[in-house]
There are 2 protein chains.
Amino acid sequence: MATIKDIARMAGVSISTVSYALNNDTKISKKTKEKILDAARQLNYQKNGIASDLKRSSTRTIALIVTDLAGPYYAELVKGIQEVTLSKGYDLLACSSVGGETSTAVKFLTEKRVDGAIVLAHNISEEILIKSARKKFPIILLDRKADSEHIVSIEVDNEAGSYLGAELLITQGHRDIAYISGMTVSELHYMRIHGYERALQKHGLEGRNRLHQFGLFNRENGFSMTKMLIAQGNLPSAVMYANDEMAIGGINAFKEHGIKVPADVSVIGFDDIELAKYVQPALTTIMQPKYERGALAAHLIFEMLEGHSTEPYYKLPTQLVLRDSVLNIN
Amino acid sequence: MATIKDIARMAGVSISTVSYALNNDTKISKKTKEKILDAARQLNYQKNGIASDLKRSSTRTIALIVTDLAGPYYAELVKGIQEVTLSKGYDLLACSSVGGETSTAVKFLTEKRVDGAIVLAHNISEEILIKSARKKFPIILLDRKADSEHIVSIEVDNEAGSYLGAELLITQGHRDIAYISGMTVSELHYMRIHGYERALQKHGLEGRNRLHQFGLFNRENGFSMTKMLIAQGNLPSAVMYANDEMAIGGINAFKEHGIKVPADVSVIGFDDIELAKYVQPALTTIMQPKYERGALAAHLIFEMLEGHSTEPYYKLPTQLVLRDSVLNIN
DNA sequence: CTGTTAGCGCTTTCAG
DNA sequence: CTGAAAGCGCTAACAG
């Protein structure tokens with residue numbers, strides 16, 4: 001493969017002249033520039049961006065790290081990130097953290113391949129995050145925290161959101177409300193559960209909490225946990241799910257057993273994913289601001305890169321979105 | 001930031017020794033290795049992956065290029081790609097081609113930042129693709145073609161799929177079938193239209209084709225084009241859409257006008273995206289193999305990287321998936 | 001087992 | 001306007 005050296009030889013100029021010409025530096029005469037561009041074309045020259053990055057010691061690219069590239073991470077969130085990243089003239093890469101410590105994500109966090117990272121993944125250790133974050137390598141953490149000067153977290157008010165959801169159910173006359181969640185060590189879901197419990201307490205229902213925690217936070221597990229709930233008999237009048245994916249799995253399970261939502265049981269999710277408004281019945285859920293969160297994340301990373309100081313922690317509000325999966329039984 | 005040079009100085013060894021130690025080369029004695037690892041820890045050393053890549057002149061990473069990172073590119077497809085890429089010990093990056101010639105995608109295609117690319121985007125010129133593809137940089141093209149020794153295409157049999165869909169409609173008694181598509185120069189949609197037209201011809205309906213081509217291939221445009229169709233009066237008994245996204249937009253438009261699907265009009269989509277089975281009514285559509293396509297794409301890229309020869313072109317079959325949006329009016 | 005050394009391909013002073 | 005030269009941080013052949 002041709003390099004600028006080859007071009008220099010062919011055009012009969014020095015390497016630096018080639019570099020300047022290729023980078024549109026004004027100080028190169030039109031004539032030599034043409035000559036150089038011609039040679040480049042003939043040699044089918046392709047720049048080696050890696051060499052360039054090494055020399056410049058900056059990549060002008062930001063990584064978005066998600067648990068699984070194949071996963072349903074929110075389109076709107078990515079859009080928010082993408083727009084401000086592009087407007088700054090930076091590149092955006094997405095990579096996944098499947099594979100844990102040997103994943104692409106860790107490589108990007110620890111090997112200076114990018115100038116900053118936005119992390120939406122729980123399977124990357126806090127240790128790695130803290131070790132990697134530097135002045136010249138800010139990290140934005142979504143849905144989790146880490147104690148470091150160069151990491152800022154953006155969370156959503158999960159506790160309040162869940163509280164809102166549970167309270168809705170209670171004001172609609174529900175007294176027997178189950179909560180189905182995955183097994184978790186993450187604060188996010190702990191807070192959601194907490195909101196649910198606080199609402200029960202607030203309305204004098206403390207003894208009545210029915211919390212089911214097991215397995216993953218996906219549709220399949222929402223499905224099987226709901227089946228178990230059904231198998232136990234003694235169906236609650238409403239069930240809250242840790243997220244919409246699980247809720248959708250749950251609705252399917254109810255359907256399979258001929259249990260009508262919301263006539264027989266009310267259901268409420270969390271997140272407001274795209275599917276939520278399409279399932280039958282349309283899912284009542286708690287929405288988090290997605291686009292705004294993405295845009296804020298990208299904005300903050302540039303603030304930090306430019307040396308401005310920022311809050312270490314942001315908490316965004318949630319909002320109840322009423323659809324058809326909750327029945328007023330008053 | 002600390003480099004291996006600093007470690008060498010601190011540990012009192014040469015830089016090559018450091019490099020060997022850090023890369024777990026067996027020839028370094030346990031004692032020096034400890035010493036080196038210690039120094040690295042103290043200095044909070046972080047490898048510069050870019051320098052390493054430059055030297056090795058290989059990145060062991062593959063880029064997945066999509067039109068829009070925020071878009072609904074198929075999770076299943078990504079999963080297929082991801083699995084074989086990881087199994088080969090390569091990294092996978094996703095980047096978008098929004099921004100055209102100045103996009104991240106083009107940078108990755110033309111600047112040797114990765115060892116190969118899988119491209120699912122139509123806004124990257126064939127010229128760039130052909131210029132970029134080399135023996136050491138194979139490109140897999142999804143849903144389009146390009147004439148180059150180092151590019152292989154994987155398409156889906158769009159013509160046959162569309163034919164199948166149209167034929168279903170005809171055998172169910174439909175005679176007046178509209179086709180709503182975006183404006184296209186891409187062969188993919190041209191083939192879909194062709195399948196529709198061939199089916200009409202085959203069944204003696206050649207005069208009756210009602211093709212509407214305008215705008216984008218997204219939900220919004222499916223919505224507005226359907227509204228226009230409605231406004232014109234003289235509703236067809238069935239409408240085929242260029243893809244599921246447009247079909248979903250169309251269903252929404254019908255709903256808004258109190259036109260029942262499929263009682264008043266039958267609808268058929270293409271792609272079988274996840275949403276298809278959740279919309280009301282569940283969408284009858286033409287499925288393309290997603291996971292398989294992803295896995296094949298990644299598999300081929302490694303075949304090429306390893307110097308094996310492959311077919312230049314693959315065509316995968318489609319399949320009709322019957323749901324509830326088509327009515328038998330015989 | 002460890003050190004010396006020559007680059008990978010590019011950018012960017014500094015001199016002319 | 002153009003060229004010489006240093007060097008980004010790392011790897012790996014070679015010598016010891």
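Naming: A, B, ... by sequence-line order, numbering from 1 per chain.
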Participant: Output all residues satisfying ring pair (Phe, Tyr, Trp, His ring centres under 6.0 Å) with A:Phe217, sequence neighbours left out; order by chain, then residue number.
Facilitator: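 For A:Phe217, the residues satisfying ring pair (Phe, Tyr, Trp, His ring centres under 6.0 Å) (neighbours in sequence not counted) are A:His189.
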Participant: Under a 4.0 Å heavy-atom cut-off, which of residues 127-136 of chain B touch DNA chain C?
Facilitator: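 Here the set is empty: none.
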Participant: Separation of B:Lys47 atom NZ from D:dC10 atom P, in whole Å?
Facilitator: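 It works out to 9 Å between those atoms.
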Participant: Have B:Gln82 and A:Asp68 got a donor and an acceptor in their side chains that come within less than 3.5 Å?
Facilitator: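 Per modelled atom types, B:Gln82 and A:Asp68 side chains form a pair under 3.5 Å.
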Participant: Identify whether the distance between the nearest side-chain nitrogen and carboxylate oxygen of A:Glu34 and A:Lys31 falls below 4.0 Å.
Facilitator: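 Judged by the 4.0 Å cut-off on N to carboxylate O distance, A:Glu34 and A:Lys31 do not form a salt bridge.
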Participant: Which residues pass the side chain to side chain donor-acceptor pair (under 3.5 Å) test with A:Ser16, not counting sequence neighbours?
Facilitator: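 Counting only residues at least two positions away or on another chain, A:Ser16 forms a side chain to side chain donor-acceptor pair (under 3.5 Å) with A:Ser14.
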Participant: Let me know the distance between CG of B:Leu22 and P of D:dC10, rounded to the nearest Å.
Facilitator: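 Rounding to the nearest Å, CG of B:Leu22 and P of D:dC10 are 8 Å apart.
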Participant: Check whether any side-chain N or O of A:Ser103 sits under 3.5 Å from a backbone N or O of A:Gly100 as a donor-acceptor pair, and report yes or no.
Facilitator: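 Flag set: sc A:Ser103 to bb A:Gly100 pair under 3.5 Å.
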Participant: Rounding to a whole Å, what distance do you find between A:Lys5:NZ and D:dA5:P?
Facilitator: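 So the two atoms are 14 Å apart, to the nearest Å.
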Participant: Provide, to the nearest angstrom, the distance between the CD atom belonging to A:Glu34 and the P atom belonging to D:dC1.
Facilitator: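 Going from CD in A:Glu34 over to P in D:dC1 covers 14 Å.
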Participant: Taking only residues two or more places apart in sequence, or in another chain, which ones meet A:Arg113 in a salt bridge (charged side-chain N to carboxylate O under 4.0 Å, His left out)?
Facilitator: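 Partners of A:Arg113 under the salt bridge (charged side-chain N to carboxylate O under 4.0 Å, His left out) test: A:Glu111, B:Asp53.
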Participant: If only atom types and distance count, is the side chain of A:Asp115 paired as donor or acceptor with the main-chain N or O of A:Ile62 below 3.5 Å?
Facilitator: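 Judged by distance alone, no pair lies under 3.5 Å.
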Participant: Look for any protein N or O under 3.5 Å of an N or O in nucleotides 12-16 of chain D and output each such pair with its distance, or none.
Facilitator:
unit_1 : atom_1 : unit_2  : atom_2 : d
D:dA12 : N7     : B:Tyr20 : OH     : 3.4
D:dA13 : N7     : B:Tyr20 : OH     : 3.4
D:dA13 : N6     : B:Tyr20 : OH     : 3.2

Participant: Think A:Thr32 has a side-chain N or O under 4.0 angstrom from the OP1 or OP2 of D:dT2?
Facilitator: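 True: A:Thr32 side-chain N/O within range (under 4.0 Å) of D:dT2 OP1/OP2.
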Participant: How would you list, by chain and number, every residue that makes a side chain to side chain donor-acceptor pair (under 3.5 Å) with A:Gln288, sequence neighbours excluded?
Facilitator: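 Side chain to side chain donor-acceptor pair (under 3.5 Å) list for A:Gln288, sorted by chain: A:Asp271, A:Arg293.
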Participant: Who pairs with B:Lys107 by side chain to side chain donor-acceptor pair (under 3.5 Å), at least two apart in sequence or on another chain?
Facilitator: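 Listed in chain order: A:Asp91.
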Participant: Which angle, rounded to 10°, do you find between the first-five-pair axis and the last-five-pair axis of the helix from C:dC1-D:dG16 to C:dG16-D:dC1?
Facilitator: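 For the helix from C:dC1-D:dG16 to C:dG16-D:dC1, the axes at opposite ends meet at about 40°.
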Participant: Separation of B:Leu43 atom CG from D:dG9 atom P, in whole Å?
Facilitator: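 Rounded to whole Å, this separation is 14 Å.
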Participant: State plainly whether the residues B:Arg41 and B:Asp38 are in salt-bridge range, i.e. N to O under 4.0 Å.
Facilitator: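 Looking at B:Asp38 together with B:Arg41, the answer is yes, because their closest N to O distance falls below 4.0 Å.
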Participant: Quickly work out the A:Ile4 CD1 to D:dA4 P distance and round it to whole Å.
Facilitator: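 Value for this atom pair: 13 Å.
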Participant: Tell me the side-chain hydrogen bond (donor to acceptor under 3.5 Å, both in side chains) pairs involving residues 118-133 of chain A, sequence neighbours left out?
Facilitator: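 Listed by first then second residue: A:Ser97-A:Asn123.
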Participant: Between A:Asp25 and A:Lys27 (side chain of the first, backbone of the second, donor and acceptor by atom type, cut-off under 3.5 Å), is there such a pair?
Facilitator: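 Answer holds: yes.
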Participant: Sequence neighbours excluded and cut-off under 3.5 Å, please list the side-chain donor-acceptor pairs for residues 148-156 of chain B, or say none.
Facilitator:
unit_1   : atom_1 : unit_2   : atom_2 : d
B:Ser148 : OG     : B:His150 : N      : 3.1
B:Ser153 : OG     : B:Arg144 : O      : 2.9
B:Glu155 : OE1    : B:Tyr313 : OH     : 2.6

Participant: Starting at the 5' end of DNA chain C and moving along, which residue's nearest nucleotide shows up first, B:Val13 or A:Ala51?
Facilitator: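 Counting from the 5' end, the first nearest nucleotide belongs to B:Val13.
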Participant: I want to confirm an ordering. Mapping B:Thr26 and A:Leu54 to their closest nucleotides on DNA chain C, which one lands closer to the 5' end?
Facilitator: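 Mapping each residue to its closest nucleotide by heavy atoms, the 5'-most match is B:Thr26.
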Participant: I'd like the 5' and 3' limits of the part of DNA chain C contacted by chain A, with heavy-atom contacts below 4.0 Å.
Facilitator: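 The contacted stretch runs from C:dG9 to C:dT13.
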Participant: Could you list all the ring-ring contact (aromatic ring centres under 6.0 Å, His included) pairs where at least one residue sits in residues 81-117 of chain B, not counting sequence neighbours?
Facilitator: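 Residue pairs with at least one partner in residues 81-117 of chain B: B:Tyr90-B:Phe302.
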